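Quick caveat, the model's predicted, so the values are computed rather than measured. The figures that follow rest on heavy atoms only: side chains count, while hydrogens, waters and symmetry mates do not. In what follows, every chain begins at residue 1, and chains take the letters A, B, ... in the order their sequences are listed.
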Amino acid sequence: MSAESGSLAARTAIRAAIRAVPAGRVSSYGAIAARAGLRGRARLAGRVLREGATPALPWHRVLHSDGRLAAPPGTALAREQMRRLAAEGVPVRKGRVAREYFIDGGDLDALLWRG
DNA sequence: CCCTGGGCAATTA
DNA sequence: GTAATTGCCCAGG
């Protein structure tokens, strides 16, 4: 059975994974997708955030594996993301967040942050 | 140590 | 076939 049989199920799992990220911590698309059981579908996670961004969905806690913001600097979106992260105690320097703030420790191999 | 550029692999709508 | 809020590699300064 292909896990993609239900894109809806995949999106639901991704949303749950994002909501599982506590304030003051961030995660990457890859980690979110893996956490949702969709290892290797980081892109799907990004699309879910972009298409299904809801107030209850902490999209601002999802960044690139490098720690950079998902949106390019200069955009209202990036500004909002940096602003929210800083409000939670996550300093953003040059549109980038320190790896120590990543819930996965900065390694997709060591993710399993499902604690 | 930090940053920039370009390219490639895989998946979904 | 195209585009997308990806991830990782290499090289240079």
Side-chain angles (χ1 to χ4, degrees):
Chain A
M1 296 251 265
S2 349
E4 71 285 353
S5 55
S7 311
L8 180 60
R11 292 194 275 178
T12 302
I14 288 169
R15 285 198 278 173
I18 295 167
R19 272 200 260 145
V21 181
R25 292 272 177 279
V26 295
S27 192
S28 60
Y29 290 92
I32 292 293
R35 206 293 186 211
L38 302 165
R39 195 94 59 101
R41 287 158 170 97
R43 247 167 167 173
L44 180 60
R47 188 107 29 72
V48 172
L49 285 166
R50 185 229 195 201
E51 295 192 22
T54 59
L57 199 64
W59 59 272
H60 59 264
R61 291 185 198 140
V62 187
L63 319 169
H64 286 260
S65 63
D66 291 14
R68 295 179 297 166
L69 301 184
T75 61
L77 205 57
R79 249 191 295 166
E80 179 70 17
Q81 188 167 25
M82 171 161 60
R83 187 175 172 296
R84 289 190 174 210
L85 289 171
E88 293 185 351
V90 181
V92 181
R93 214 271 278 216
K94 232 138 193 344
R96 203 179 205 162
V97 178
R99 295 181 93 108
E100 53 187 284
Y101 289 96
F102 270 65
I103 202 165
D104 43 66
D107 246 334
L108 289 176
D109 292 323
L111 39 85
L112 293 319
W113 47 276
R114 48 197 159 152

Between atom [atom1] in [X] and atom [atom2] in [N], what is the gap in whole Å?
X: A:Leu77; N: C:dT5; atom1: CG; atom2: C1'; answer: 7 Å
X: A:Ile14; N: C:dT6; atom1: CD1; atom2: P; answer: 13 Å
X: A:Arg99; N: B:dC1; atom1: CZ; atom2: P; answer: 12 Å
X: A:Arg35; N: C:dT6; atom1: CZ; atom2: C1'; answer: 20 Å
X: A:Asp66; N: B:dC3; atom1: CG; atom2: C1'; answer: 11 Å

List in chain and number order the residues that pass side-chain contact (heavy atoms from CB on, under 4.5 Å) with A:Ala71, two or more places apart in sequence or in another chain; answer none if no residue qualifies.
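Only A:Thr75, A:Leu77, A:Ala78 meet the side-chain contact (heavy atoms from CB on, under 4.5 Å) criterion with A:Ala71.
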Do the side chain of A:Arg35 and the main chain of A:Ala17 share a donor and acceptor less than 3.5 angstrom apart?
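Not a single qualifying donor-acceptor pair exists.
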Between the main-chain N or O of A:Asp66 and the side-chain N or O of A:Arg96, is there a donor-acceptor pair closer than 3.5 Å?
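Flag set: sc A:Arg96 to bb A:Asp66 pair under 3.5 Å.
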So what does [X] hit on the nucleic acid, given a heavy-atom distance under 4.0 Å: a base, only sugar-phosphate, or nothing?
X: A:Arg96; result: sugar-phosphate
X: A:Leu69; result: nothing
X: A:Ala42; result: sugar-phosphate

Tell me whether the side-chain N/O atoms of A:Ser28 come closer than 4.0 Å to OP1 or OP2 in C:dT6.
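No, because none of the side-chain N or O atoms of A:Ser28 sits under 4.0 Å from OP1 or OP2 of C:dT6.
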Under 4.0 Å between a side-chain N/O of A:His64 and OP1 or OP2 of C:dT5, yes or no?
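Indeed not, no polar side-chain atom of A:His64 lies that close.
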With the threshold set at 4.0 Å, does a side-chain nitrogen-carboxylate oxygen contact exist between A:Arg84 and A:Glu88?
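No, this pair does not count.
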Quick check for you: among C:dC8, B:dT12, B:dC3, whose closest atom lies nearest to any side-chain atom of A:Leu44?
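Within the option list, the nearest is B:dT12.
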Out of B:dC3, B:dT11, C:dT5, which nucleotide sits closest to the side chain of A:Ala70?
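Nearest listed nucleotide: C:dT5.
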Quiz question: going by heavy-atom distance under 3.5 Å, is there a donor-acceptor pair between the base of C:dA4 and the side chain of A:Arg50?
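Between C:dA4 and A:Arg50, which were checked side chain against base, a qualifying N/O pair under 3.5 Å is absent.
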Using only modelled atom types and a 3.5 angstrom limit, is any donor from either the side chain of A:Arg47 or the base of B:dT12 paired with an acceptor on the other?
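A donor-acceptor contact between them is present.
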Applying the Watson-Crick and G-U criteria (both distances under 3.5 angstrom) with [ ] for crossing and | for other-strand pairs, one obtains for DNA chain C .|||.||||||||
Given side chains that start at C-beta, do those of [X] and [Y] come closer than 4.5 Å, heavy atoms only?
X: A:Arg25; Y: A:Tyr101; value: yes
X: A:Ile32; Y: A:Leu49; value: no
X: A:Arg68; Y: A:Leu63; value: no

Separation between the P atoms of C:dT5 and B:dA9, rounded to whole Å
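My reading of the P atoms in C:dT5 and B:dA9 gives 22 Å.
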